[in-house]
Amino acid sequence: QVHLVESGGGLVQAGGSLRLSCAASGIAFSINTMGWYRQAPGKQRDMVATITTDGSTNYADSVKGRFTISRNNAKNTVYLQMNSLKPEDTAVYYCNANIRAAWNGALADVWGQGTQVTVSS
C-alpha cells in the first residue's frame with residue numbers, strides 16, 4: 001500500500017511563510033496528479049493546488065500569486081510553498097496523490113493524515 005506523510009505545518013504570523021512537504025512511500029505504484037487540499041473548522045475540504053507528472057499546475061483563486069506547488073518525482077514528494085499567509089489560510093492541509101498500482105493498473109486516491117497550519121493576525 002501507499003502512504004503519504006505531510007510535514008511543515010505550524011504556527012506563523014500573518015505575512016509569513018511556510019513550506020509543506022508530502023512524501024509518498026510504498027512499492028509497485030506510480031503517481032499521477034498530486035495536490036494539496038485544506039479544511040477549516042466548519043467548512044468543506046477544498047482544493048488548494050494540484051500538479052501533474054509533467055509539472056502542469058492548477059490553483060484555487062484564493063491562493064494564486066501566494067502559493068506555489070512543486071514536485072520532485074525522483075523523491076515521490078510534493079511541496080507547497082506558502083507566502084504572504086493570511087489568517088483565512090488557517091486550516092488542516094491534506095496531501096493527495098492519484099496513483100496507479102503496478103500490479104493491476106488500478107487507480108486510487110491516497111490521502112495524508114493532514115498537517116495543521118495556523119496563521120495568527
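Computation of the quantities below employed the complete heavy-atom set of this structure, encompassing side-chain atoms and omitting hydrogens, waters and symmetry-equivalent molecules. All values derive from a computational prediction rather than experimental measurement.
- Gln39 CD: more than 12 foreign heavy atoms inside a 6.0 Å radius.
- Clustering ILVMFWY residues whenever any of their side-chain heavy atoms sit less than 4.5 angstrom apart, transitively, puts Tyr79 in a cluster other than the one holding Trp36.
- Ala40 and Ala91 get closest at one heavy-atom pair: N-CB, 3.8 Å.
- Interatomic distance, CD of Gln113 versus NE2 of His3, reported as 11.5 Å (0.5 Å rounding).
- At a threshold of 4.5 Å between side-chain heavy atoms, the hydrophobic network of Ile, Leu, Val, Met, Phe, Trp and Tyr places Val117 and Phe67 in one connected group.
- Closest approach of Cys95 to Val78, counting heavy atoms only: SG-CG1, 3.7 Å.
- The closest donor-acceptor contact from the side chain of Thr57 to the backbone of Ile51 lies at 3.5 Å or more, if one exists at all.
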Side-chain donor-acceptor pairs of residues 9-19 under 3.5 Å, sequence neighbours excluded:
residue : atom : partner : partner atom : Å
Ser17   : OG   : Asn83   : OD1          : 2.8

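- Counting only heavy atoms from C-beta outward, the side chains of Ser25 and Val5 never approach each other to under 4.5 Å.
- Linking Ile, Leu, Val, Met, Phe, Trp and Tyr residues whenever their side-chain heavy atoms come within less than 4.5 Å places Val48 and Val110 in a single cluster.
- Of the inter-residue distances, the one linking Arg66 atom CZ with Met82 atom CE reads 9.5 Å to the nearest 0.5 angstrom.
- Looking at heavy atoms from C-beta onward, Thr90 lies in side-chain contact with Gln116 at the 4.5 angstrom threshold.
- The structure places CE of Met34 at 12.0 Å from CG of Leu80, a figure rounded to the nearest 0.5 Å.
- A chain of hydrophobic side-chain contacts below 4.5 Å, direct or via other Ile, Leu, Val, Met, Phe, Trp or Tyr residues, connects Tyr59 to Tyr93.
- Note: the hydrophobic cluster containing Ile69 does not contain Tyr94 (ILVMFWY, side chain heavy atoms under 4.5 Å, direct or indirect links).
- What you find for Asn32 and Leu107 is that their closest heavy atoms are ND2-CD2, 3.7 Å.
- Of all heavy-atom pairs spanning Leu4 and Ala24, the tightest one is CD2-CB, 3.4 Å.
- With sequence neighbours left out, the ring-ring contact (aromatic ring centres under 6.0 Å, His included) criterion links Tyr37 to Trp111.
- Residue Ile31 holds its CD1 atom at 13.0 Å from CZ of Arg100, rounded to the nearest 0.5 Å.
- Residue pairs that meet the side-chain hydrogen bond (donor to acceptor under 3.5 Å, both in side chains) test with at least one member in residues 41-52, sequence neighbours left out, are Thr52-Asp54.
- Put simply, OG on Ser21 and CZ on Arg71 are 14.0 Å apart, with the number rounded to the nearest 0.5 Å.
- Taking 4.0 Å as the cut-off between side-chain N and carboxylate O, Asp89 and Lys86 do not count as a salt-bridged pair.
- The CD atom of Glu6 sits 10.0 Å away from atom CG of Asn96, with the distance rounded to the nearest 0.5 Å.
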